[in-house]
Amino acid sequence: MEKIPMTPAGFQALETELKTLKSVERPAIIQAIAEARELGDLSENAEYHSAREKQSFIEGRIKELEGVLSLADVINPAKLSGAIKFGASVTLVDEDTDEEKTWQIVGEHEANIEAGLLNVKSPIARALIGKEEGDSVDVRTPGGVRSYEILKIDYA
């Protein structure tokens, strides 16, 4: 199996989610299923079917998280420097709109574009990898080609 690159913060977040699912969510859903069973006829018991569906989701997510965490390759960006690579926080300016954006390049399981966490496999991240401060980058996006200038690279 291929290792999954991840920042320490991303690894910690997934580990916390897994612990919560195992220690809080799983026991709660088991209790909900037990209570729904006591209500009688299971074939017409909406609470029971809902609880079983939620249990299935929780168990699936637990298996997924265990798999991801077992393949995690935790990379500490603070130990890196130089050209843009995994873990870098990059400040860009859109050359058309002069809008500044800062993104950190992270693994796909911790990516969240609204939080400024950019999937390492995204078109923007792939275009940025290997570039230096001051470079111009053209990125092919679903909305067309965008041009960015790299203002700052940080490995905090």
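The basis for the numbers below is simple: all heavy atoms, side chains too, and nothing from hydrogens, waters or symmetry mates. Positions are given from 1, in the same order as the sequence printed here.
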Determine whether [X] and [Y] make a side-chain contact, defined as any pair of heavy atoms from C-beta on separated by less than 4.5 Å.
X	Y	result
Pro77	Ser89	no
Glu100	Thr91	yes
Asp154	Val90	no
Trp103	Ile113	yes
Val106	Leu118	no
Leu128	Val137	yes
His109	Leu14	yes

Spacing of [X] atom [atom1] and [Y] atom [atom2] [to the nearest 0.5 Å]:
X	Y	atom1	atom2	value
Asp73	Glu2	CG	CD	10.5 Å
Ile58	Ile29	CD1	CD1	5.0 Å
Glu25	Phe57	CD	CZ	9.5 Å
His49	Ile33	NE2	CD1	11.5 Å
Glu15	Leu69	CD	CG	6.0 Å

Heavy-atom pair with the smallest gap, counting every atom of [X] and [Y]:
X	Y	answer
Ile105	Ala125	CG2-CB, 4.2 Å
Met6	Phe11	SD-CA, 3.5 Å
Lys152	Glu133	CA-OE2, 3.7 Å
Ile84	Ala88	CG2-CB, 4.2 Å

Val74/Thr7 under side chain to side chain contact (heavy atoms under 4.5 Å, CB included): CA gap, chis, key distance, verdict: CA-CA 5 Å; Val74 180; Thr7 63; over 6 Å; no
Sidechain-backbone polar pair: [X] side chain, [Y] backbone, donor-acceptor under 3.5 Å:
X	Y	result
Lys85	Ala83	yes
Glu110	Gly107	yes
Gln104	Gly87	yes
Ser56	Arg52	no
Ser50	Ala46	no

Counting neighbours of CZ on Arg140 that are heavy atoms of other residues, nucleotides or ligands and sit closer than 6.0 Å, is the number greater than 12? no
For atom CD of Glu53, is the number of surrounding heavy atoms from other residues, nucleotides or ligands below 6.0 Å larger than 12? no
Is there a path of hydrophobic side-chain contacts, each under 4.5 Å between heavy atoms of I, L, V, M, F, W or Y residues, that connects [X] with [Y]?
X	Y	value
Val93	Ile124	no
Leu117	Leu92	no
Phe86	Val68	no
Ile153	Leu151	no
Ile75	Val120	yes

Walk me through it: do Glu59 and Gln55 pass the test side chain to side chain donor-acceptor pair (under 3.5 Å)? CA-CA 6 Å; Glu59 293 301 326; Gln55 180 187 35; 4.9 Å; no
Should Arg61 and Glu17 count as an ion pair when the cut-off is N to O under 4.0 Å?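 Yes, charged N to carboxylate O under 4.0 Å.
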Charged N-O contact under 4.0 Å between Lys22 and Glu66: yes
Could you go through the side chain to side chain contact (heavy atoms under 4.5 Å, CB included) check for Arg146 and Thr97 one step at a time? CA-CA 10 Å; Arg146 306 291 303 239; Thr97 65; 4.2 Å; yes
Go through it in stages, so that I can follow the logic: the residues are Ser136 and Glu95, the test is side chain to side chain donor-acceptor pair (under 3.5 Å), and I'd like the CA-CA distance, side-chain angles, deciding distance and then a yes or no. CA-CA 9 Å; Ser136 250; Glu95 293 179 344; 2.4 Å; yes
Worked check of side chain to side chain contact (heavy atoms under 4.5 Å, CB included) between Leu21 and Leu65: CA-CA 10 Å; Leu21 286 171; Leu65 289 173; 3.8 Å; yes
